[in-house]
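Read through the structure below, which is laid out as structure tokens, and then see the notes.
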Amino acid sequence: MKNYKKLIIVVIFTLIVIKISFLLTNQKNIVTISGIKKNDYFIQYECSQNDLCGGWADRVKAIMSTYAFSLLTNRKFLIKITKNCDFNKILVPNEIDWNYKNLKDFKISDKKVLSYRWNFEYNEIFRKEKDLYSEYINTSLIVIKAGFMFSDPFAENVFLKSKIEKLGYNQSNFKIVYLLHEWYKKLFKLNDKMNKEYEIFIKKLKPNLNTKIICTQVRIGDPGSQAELDKKVTYQFWNFIKDNFLDKKNDSTEYAIYVTSDRENVKLEAKNFFLNYQVFYLEKSSQHIDVGTDCQSTENVILDFHIMQNCDIGVVSHSGFGILGLWNRPRPFSNLFVYTNKNQSDLRKSYWNRRDMFFKKYTNLDDIFFT
Ligand SMILES: *[C@@H]1O[C@H](CO)[C@@H](O)[C@H](O)[C@H]1NC(C)=O
Ligand SMILES: *[C@@H]1O[C@H](CO)[C@@H](O)[C@H](O)[C@H]1NC(C)=O
Ligand SMILES: *[C@@H]1O[C@H](CO)[C@@H](O)[C@H](O)[C@H]1NC(C)=O
Ligand SMILES: *[C@@H]1O[C@H](CO)[C@@H](O)[C@H](O)[C@H]1NC(C)=O
């Protein structure tokens, strides 16, 4: 009888140990969702010297979408950005080791490059695809080159419902806007040197919890391009901030203003406009990183992007960098205003057709045309 009780205790104890060790193991490593064995299969976001990759926002969109594919197809996720500046020198892997250099430890038997670029027709395909990448089941490395949120249609793909739920996500929220803050943190850390700069900067920007940060991003547009806005547009931004926040403030609200722009002089203009407020900005962060030629300007662009996680209010251009910077907060749509066309159908017809613009409160994905 005694032995019998002992046996029960031992069995229960063993079961607990097994359960704990199961919980401690990264579950995603054991569950094989699409039936392929992990670790020998990879998916890599790539931006090499001769690729047209877009700016940081385009890259973030495609990186996050590729990460979504990696989860759904059970492939190990890698990032390779070597255009102009080796990205590994700026951002380092956090919880997920995406360094493409890890690949050298594996024998890659078969590689497939998929160039989605800005071909939005893939949205329709991924909304209906039954079995993602089943045609590449034996391909050890899939390389993705793209610049948009091609994984967002998964939120509406009926065939992916159970896979997405198995991963622990609510399917209707399986969209970059809701996943960005969590995933960006999971993937990226600033390098040590930049992280020190970041921390010093944030202490100045937000000296205490009562300080509310108003962030503004003014994208004038590439010089000479169709999208280039009138230089006077900046005053609409400054006046919007003044009329809606500063003039309405009471004694208990403290504001600091953070400015980023694709033109350096815009930042200085803000400093001269908001004379009674602390105005902050990073110098030399205005470069479009697809044309930049060194790591320093890319570092500043990415530092800008990290700083925007701290914004309480966002007043931004209809531009990927501003919008994604503000989405990268725990509540992506909180106090977010986008300078955009009153008539969004105009923009759908031609994305660079900017006219009859105003500040739209962005509270819902459908409010503006953004892909
Ligand atoms: C993958 O490899 C297996 C085994 O060699 C083969 O039976 C199958 O047809 C292959 N599938 C594809 C899509 O190539
Ligand atoms: C998923 O999220 C939507 C929108 O937030 C919500 O309405 C729905 O109830 C959620 N579904 C589940 C199963 O939690
Ligand atoms: C004053 O500011 C506080 C903090 O921002 C806010 O909660 C309160 O509603 C404001 N009061 C008025 C009258 O605007
Ligand atoms: C918005 O733009 C579309 C296409 O450019 C046009 O057909 C439509 O009449 C416009 N709507 C309004 C309210 O002006």
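Numbering of ligands and ligand atoms starts at 1, following listing order. Reckoned from all heavy atoms, side chains included, excluding hydrogens, waters and symmetry mates.
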(message) A quick test of your reading: do over 12 heavy atoms of other residues, nucleotides or ligands sit less than 6.0 Å from CD of E121?
(response) no
(message) Take a 6.0 Å sphere around NZ of K249 and say whether it holds more than 12 heavy atoms from other residues, nucleotides or ligands.
(response) yes
(message) Taking transitive links into account, so neighbours of neighbours count too, which hydrophobic residues share a cluster with V158 at under 4.5 Å side-chain distance?
(response) F159
(request) Could you verify whether a donor N or O on one side chain and an acceptor N or O on the other, from T234 and E269, lie under 3.5 Å apart? (result) yes
Quick one: table the atom pairs, ligand 1 N or O against protein N or O, below 3.5 Å, distance rounded to 0.1 Å.
| unit_1 | atom_1 | unit_2 | atom_2 | d |
| --- | --- | --- | --- | --- |
| ligand 1 | 2 (O) | N138 | OD1 | 3.0 |
| ligand 1 | 2 (O) | N138 | ND2 | 2.4 |
| ligand 1 | 11 (N) | N138 | ND2 | 2.9 |
| ligand 1 | 14 (O) | N138 | ND2 | 3.1 |

(request) Would you check whether D346 has a nitrogen or oxygen atom less than 3.5 angstrom from a nitrogen or oxygen atom of ligand 4? (result) yes
(message) Is it the case that the side chain of S261 and the backbone of R219 share a donor-acceptor pair, with hydrogens and angles ignored and the cut-off at 3.5 Å?
(response) no
(message) Please check: side-chain N/O of S140 versus main-chain N/O of D110, any donor-acceptor pairing under 3.5 Å?
(response) yes
